[in-house]
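Heads up: the structure comes next, in structure tokens.
This structure is a prediction, so every number in the text was calculated from the model and none was measured. The figures here come from the full heavy-atom set of this structure, side chains too, leaving out hydrogens, waters and symmetry mates. The first residue in the sequence is number 1, and the count goes up from there.
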Amino acid sequence: MALARALLLLALAVLVPLGVVTGNLHAGDAGDGDNHTHILSKERKFALTESAPIQLRCSSAKGSWCEGFISQTPVTWKTAPRGSTECEGGCNNVGRCNYDTGYCDCAAGWTGPGCKTRQKRPCTNKQSHPNDGDFIRTEPLSHTLPDGRDKDWTVMDTVYSRCGGICDEDLAICYCDGQGPDQFGRIPAPEGSPPGTPPIRWGRPLVTFHMAPKTTWDGKRAFGEHDYNLVYGPKGYCNVSEPDWGPNCGMDMFLGPRCDIPIEPFCPGACSGHGTCYLGYCNCEEGYYGHDCARRKAGMPLLPSRIPTTPWLASVVREPPAALEPPPSATRRRPLIYVYDLEPLYQARILQYRVSPPWCVFRRHDLPANRTEWSDMWVYAADTLLHELLLVSPHRTFDPEEADFFYVPHQASCLPFPIGNWADWPWFKGPGGPRIRQMLNMIMETRDWIDQHYPFWKRRGGRDHIWTFTHDEGACWAPNVLNTSIWLTHWGRMDPDHTSNTAFVPDRYDRDFKSAYQPEGYRVHMQGHPCYRPGQDLVIPAFKRPDHYRASPLAAATSKPRDIFFFFRGDVGKRRLPNYSRGIRQKVYQLAKEGGWRGQHRFLVGDPEELPGDYSDMLSRSLFCLVAAGDGWSARLEDAVLHGCIPVIIIDNVHVVFESILDIDSFSVRIAEADVDRILEILQAIPERKIRFKQAHLGHVFHRYRYAALPGLENNLRQLMNTNEAAASAPPSPPAQRGGINFVTGRETSSAAAHPGFDIHLPRPFKGDPTVDDAFATIMQWLHSRIPDTRGEGGGAASGAGR
């Protein structure tokens, strides 16, 4: 005991001068309101870098996972193996050969061995129902003629892919009609052309039924939404170079007022600079292979990547370090992760089917000059982000024999929307049922495909396989066949006997659905496990673009006075079912509105119409921020932490992001759902010293909730930090008049002397390298601690918690 006490005193002696508040101190131990010495220095004593003291880097970590990663002995970086197994028939000119497996990866429109079987995705006016006829449907419904034109414009049924021009039946994308030399319609490849022959003319996109004419040429009512002459008239969009009207392009390949300026589509890793991207599918250069074209066939020389010489790619991604010969360094840190080259139907082809730029991805290219647009509008974007981060990470290995883990880059979160609403394909185990059923069946098919094509699932029973579950209710519906695997999820619900609580009825997973395709139903494949298993799984942050927190001290902005006592802006359930957010958002909104808390206490709760203003600025001025469920998970914890606002968590029996590995209580407040009526009383009763302690803790963990490891994100963050630091160095404004309300205490104050440290706002602005110990690094560090468990060397699945 004496030795332990001496070590503790030594650690504290080291930490206090660094300005670090350790996770082992309790808020009540921080001293009284007149003693802020250890948390109120003007600046961080040490910038966060790879060489920063381990106590700084591992502040607030539970257990030894952080220290274990940093102090590990690196392993030799071996030269990547290369495959040489040829594929059947050159993949029919519509696929790429995987020289490891000899399997053809087929682009949209084709499937089967050698990519010789057509798999159409026609434009249509309705979707299949399991009860349509007395047979198992093998082909999707179509409403197009053999030439790609719609069968009858006067039939009014629609889904998104309904086409007012000529349909590309590989992808269910509609283009203008009009075959004349001066028109802008699509001219398909000549009949009888070899597979893979491009169209003679692409044509201008006319992507959805929203862009189609609302009458026929002779005035009959049609299914579209625009005047016929705007589309096909003498000065119509499809007929002349300078039309009177143009649609929103809605396609990740063309932009501009006439949808005829080519842009770089999104492909994970930008095809490593060794291929061309077609809406999410990489067509690799001769001899290159893999879903990101990172691999090179044995015996062939490596070629220069086009990434360094293409400005809009060089600023965002890099060629995978795993692909370089010789390796970029002699050693590297574990974990080493093998990223599967999946059957494209489960990954690349889903990206092709999404069509529209914002959906299913976290970044896209835009005008001018293919600039990068980061997007968190697609709230499930963490799956494509993690995928791309792994592709270009030093943790990636091409050698499955040395891999610690196997990452499965499926795109199931994209299935419900937009894929499921667009056309009548794809579906898994037949059409119909809750949207969850389609995702579950796709993931089961993915697992089966892995097991059929690789030996690595059986090697450790799937314990070293990583799956992402980013949809609303996370892994609550994960198929039981994945129970041994690691789940990276946004939803940390822990009760074992759970039922769906989403207020969006089509996504409820407690309604079974049986059909001729799946007579046993789908629920039998998912019952019996919790949504999240602490230690075995990890609750990870949702993606927030850097501009989302531009006013935060995390982006090196000056810390502002916290003049908003409590803040929540978003959906407060006005038009929702009562179970939305477990009723918490609605209740807090009602309490604040009926109690007049906005005027009395600066307690701001409402939707964007009620609370206009810059969201980042308001969060960075807020003392407490509500964290409550939505239809499942909600990224409100990320919003709060990224802005240095103390999270007020009101979600029973749910772990929030990183709760199993960080001391969440040191920088948050948790209120039981049953006590929500007392929220104002509880928050006002928190002593100032405890509030300041929590704010200081936020300053030492909030970088772990942002993603910065991708070159483009790092560049964006450094630009933001430089801008904010320059603004902070400008001459200060005249001091404000003293007095008024101290919103840390909620009390009246008349002078600074009465409140030592009142002018020092916490958390302090971030200093250091934005890529160090970011969210991705945190996930890698935790995975390193899980290696023994995947090999049966740990104390069971739960032993990874706080290891």
Side-chain angles (χ1 to χ4, degrees), residues 50 57-58 65-81 268-270 272 290-292 294-295 316-342 362 382-409 456 460 463-468 485-488 537-538 540-541 543 658 661 703-704 706-714 769-791 800 803:
E50 288 282 353
R57 292 186 60 185
C58 296
W65 58 270
C66 177
E67 293 180 9
F69 175 84
I70 295 171
S71 60
Q72 68 174 288
T73 301
V75 297
T76 300
W77 197 326
K78 302 175 183 177
T79 301
S272 303
H291 67 284
D292 65 333
R295 310 291 305 282
V316 179
V317 294
R318 58 177 166 260
E319 188 174 8
L324 302 179
E325 294 182 9
S329 66
T331 61
R332 55 177 167 171
R333 287 174 170 167
R334 298 168 73 189
L336 303 183
I337 300 176
Y338 183 86
V339 182
Y340 277 117
D341 290 310
L342 291 182
F362 71 100
D383 48 14
T384 49
L385 171 61
L386 281 174
H387 181 195
E388 185 161 80
L389 282 166
L390 280 168
L391 294 182
V392 301
S393 167
H395 291 288
R396 184 185 185 184
T397 178
F398 290 157
D399 185 357
E401 296 300 334
E402 71 171 358
D404 298 309
F405 296 101
F406 294 80
Y407 182 78
V408 185
F456 308 114
R460 296 192 176 100
R463 292 193 304 273
D464 52 4
H465 281 58
I466 301 168
W467 303 77
T468 54
S485 295
I486 295 166
W487 303 340
L488 301 181
D537 309 322
L538 189 64
I540 64 172
F543 172 64
F658 291 154
I661 62 174
H703 55 276
R704 290 192 180 273
R706 69 175 172 199
Y707 292 94
L710 199 69
L713 290 171
E714 177 187 358
D769 184 342
T771 68
V772 172
D773 299 335
D774 76 330
F776 179 70
T778 301
I779 296 167
M780 294 299 104
Q781 292 164 9
W782 174 78
L783 283 171
H784 175 260
S785 76
R786 291 279 289 115
I787 294 173
D789 297 315
T790 67
R791 283 141 181 78
R803 178 187 291 280

Taking the side chain as C-beta and beyond, is there a heavy-atom pair between [X] and [Y] under 4.5 Å?
{"X": "Leu783", "Y": "Ile466", "result": "yes"}
{"X": "Gln781", "Y": "Arg57", "result": "yes"}
{"X": "Ile779", "Y": "Tyr707", "result": "yes"}
{"X": "Phe776", "Y": "Thr771", "result": "no"}
{"X": "Phe658", "Y": "Pro541", "result": "yes"}
{"X": "Leu713", "Y": "Leu385", "result": "yes"}
{"X": "Thr79", "Y": "Pro326", "result": "no"}
{"X": "Ile486", "Y": "Leu538", "result": "no"}

Could you tell me whether a side-chain N or O of [X] sits under 3.5 Å from a main-chain N or O of [Y], the two making a donor and an acceptor?
{"X": "Arg334", "Y": "His784", "answer": "no"}
{"X": "Ser329", "Y": "Thr331", "answer": "yes"}
{"X": "Glu714", "Y": "Ala709", "answer": "no"}
{"X": "Arg295", "Y": "Pro81", "answer": "yes"}
{"X": "Trp65", "Y": "Ile661", "answer": "yes"}
{"X": "Arg332", "Y": "Arg396", "answer": "yes"}
{"X": "Asp399", "Y": "Ala80", "answer": "no"}

Can you tell me how far the [atom1] atom of [X] sits from the [atom2] atom of [Y], to the nearest 0.5 Å?
{"X": "Arg460", "Y": "Asp789", "atom1": "CZ", "atom2": "CG", "result": "12.5 Å"}
{"X": "Tyr340", "Y": "Tyr407", "atom1": "OH", "atom2": "OH", "result": "13.5 Å"}
{"X": "Asp774", "Y": "Arg706", "atom1": "CG", "atom2": "CZ", "result": "7.5 Å"}
{"X": "Glu402", "Y": "Thr397", "atom1": "CD", "atom2": "OG1", "result": "3.5 Å"}
{"X": "Met780", "Y": "Phe69", "atom1": "CE", "atom2": "CZ", "result": "9.0 Å"}
{"X": "Leu324", "Y": "Glu319", "atom1": "CG", "atom2": "CD", "result": "5.0 Å"}

Could you check whether the rings of His387 and His291 sit parallel, tilted or perpendicular, using 30° and 60° as the cut-offs?
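Rings of His387 and His291: parallel, as their planes differ by under 30°.
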Tell me whether the rings of Phe362 and Phe543 are parallel (<30°), tilted (30 to 60°) or perpendicular (>60°).
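Phe362 and Phe543: perpendicular rings.
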Which heavy atom of [X] sits nearest to which heavy atom of [Y], and what is that distance?
{"X": "Ala403", "Y": "Arg791", "result": "O-NH2, 3.4 Å"}
{"X": "Arg704", "Y": "Thr778", "result": "NH1-OG1, 2.8 Å"}
{"X": "Leu391", "Y": "Pro268", "result": "CD1-CB, 3.7 Å"}
{"X": "Pro321", "Y": "Pro394", "result": "CG-N, 4.2 Å"}

Please assess Phe456 against His465 for the test ring-ring contact (aromatic ring centres under 6.0 Å, His included), listing each intermediate value before the final yes or no.
CA-CA 9 Å; Phe456 308 114; His465 281 58; 8.0 Å; no
How far apart are the C-alpha atoms of Leu386 and Ile540, what are their side-chain angles, what is the distance that settles it, and do they pass the side-chain contact (heavy atoms from CB on, under 4.5 Å) test?
CA-CA 11 Å; Leu386 281 174; Ile540 64 172; 3.5 Å; yes
Start with the C-alpha gap between Glu388 and Val317, add the side-chain angles, then the distance that decides, and say whether side-chain contact (heavy atoms from CB on, under 4.5 Å) holds.
CA-CA 9 Å; Glu388 185 161 80; Val317 294; 3.8 Å; yes
